[in-house]
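Note that the numbering runs from 1 along the sequence shown for the chain. All heavy atoms count here, side chains included; hydrogens, waters and symmetry mates do not. Counting starts at 1 for both ligands and their atoms, following the listed order. From a predicted model like this one, the values you see are computed outputs, not experimental measurements.
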Amino acid sequence: MSIAENIARVRERVEAAARRAGRDPASVTLMAVSKTFPAPLVREAYAAGLRVFGENRVQEFSGKAGELRDLVQAEWHLIGHLQSNKASKAAELFSAVDSVDSLRLAEKLNSAAEKLGRRLPVLIEVNVGGEAAKSGVAPDSAELEELLRSADRLPSLAFQGLMTVPPWSEEAEPARPYFRQLRQLRDRIAARQLPAVGMDALSMGMSHDFEVAIEEGSTCVRVGTAIFGARKKPTLEL
Ligand SMILES: *Cc1c(COP(=O)(O)O)cnc(C)c1O
């Protein structure tokens with residue numbers, strides 16, 4: 001199957017899941033997770049109409065970015081753990097950082113974005129499963145609170161919502177309670193109407209569980225394997 005065919009099938013499944021949940025399919029963004037795949041395949045996905053791409057490493061994307069510069073409508077999201085010392089590079093390369101997991105990182109990204117004269121959209125990554133090996137702030141933690149309260153003094157960041165990677169399971173259904181937990185956390189934060197914190201976005205769901213994520217309110221599903229096929233190289237994040 002070609003990438004275009006894979007995308008058409010994933011799109012159909014996204015739309016069906018949205019309808020099942022009584023949601024407008026247009027309220028769910030399909031992000032193509034292109035990590036480990038070379039620029040020509042990213043180009044194919046763009047030609048098939050996708051505009052939002054996810055990469056998990058600064059280093060890898062900096063190698064590809066040059067080859068993809070002509071895809072002017074593409075949005076490049078960083079979805080993997082970012083070390084503070086790579087914040088400036090990330091702010092230069094990416095349209096958005098969906099994996100902010102500490103106040104220190106948020107501060108570094110804010111200064112980097114300020115120097116570039118831009119406003120950087122960010123999501124806060126939440127470790128809903130409390131797994132030691134995963135990045136993300138704990139739900140209802142002091143760290144999350146600190147990040148949320150810092151938003152109004154980090155004017156070069158645009159806080160837009162939450163992102164999560166739930167504990168791995170082969171089946172989709174076990175992820176449901178984690179997706180629901182993230183949505184409920186988002187709703188609690190939104191209800192507080194904190195200054196400079198937008199809380200619409202919920203980035204959750206991957207190839208094997210995106211339909212369940214959509215049923216639980218996802219606004220962005222991050223799909224790699226179901227679009228590009230299996231990754232050959234293991235990645236650090238998963
Ligand atoms: C790799 C990755 C994905 C995509 O995973 P697939 O199972 O290939 O769809 C989604 N989110 C994050 C954070 C990733 O690192």
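Of all the heavy atoms in V137 and D101, the pair that sits closest is CG1-O, 3.2 Å. The two residues N6 and I227 have their closest heavy-atom pair at ND2-O, 2.9 Å.
In this structure, F53 has its ring center closer than 6.0 angstrom to the ring center of W76.
Taking the six-membered ring for Trp and thresholds of 30 and 60 degrees, W168 and H208 have ring planes inclined between 30 and 60 degrees apart.
Taking every heavy atom of V165 and a limit of under 4.0 angstrom, the matching atoms of ligand 1 come to 13 (C). Atoms of ligand 1 found under 4.0 Å from any heavy atom of R222, numbered from 1 in the order shown, are 4 (C), 9 (O), 10 (C), 11 (N), 12 (C), 13 (C). Atoms of ligand 1 lying under 4.0 Å from any heavy atom of V223, numbered from 1 in the order shown and given with element: 9 (O).
Ligand 1 has no nitrogen or oxygen under 3.5 angstrom from a nitrogen or oxygen of A226. By the 3.5 Å distance cut-off applied to N or O atoms, R231 is counted among the residues near ligand 1.
Salt-bridge formation is not detected for the pair E60/R57: no Lys NZ or Arg NE/NH1/NH2 atom is positioned less than 4.0 Å from an Asp or Glu carboxylate oxygen.
Of all the listed residues (M206, K35, K134), K35 holds the heavy atom that lies closest to atom 14 (C) of ligand 1.
The backbone N or O of S218 lies less than 3.5 Å from no partner atom in the side chain of R183, so there is not a single donor-acceptor pair.
When heavy-atom distances to ligand 1 are checked against a 4.0 Å cut-off, T225 comes that close through both its backbone and its side chain.
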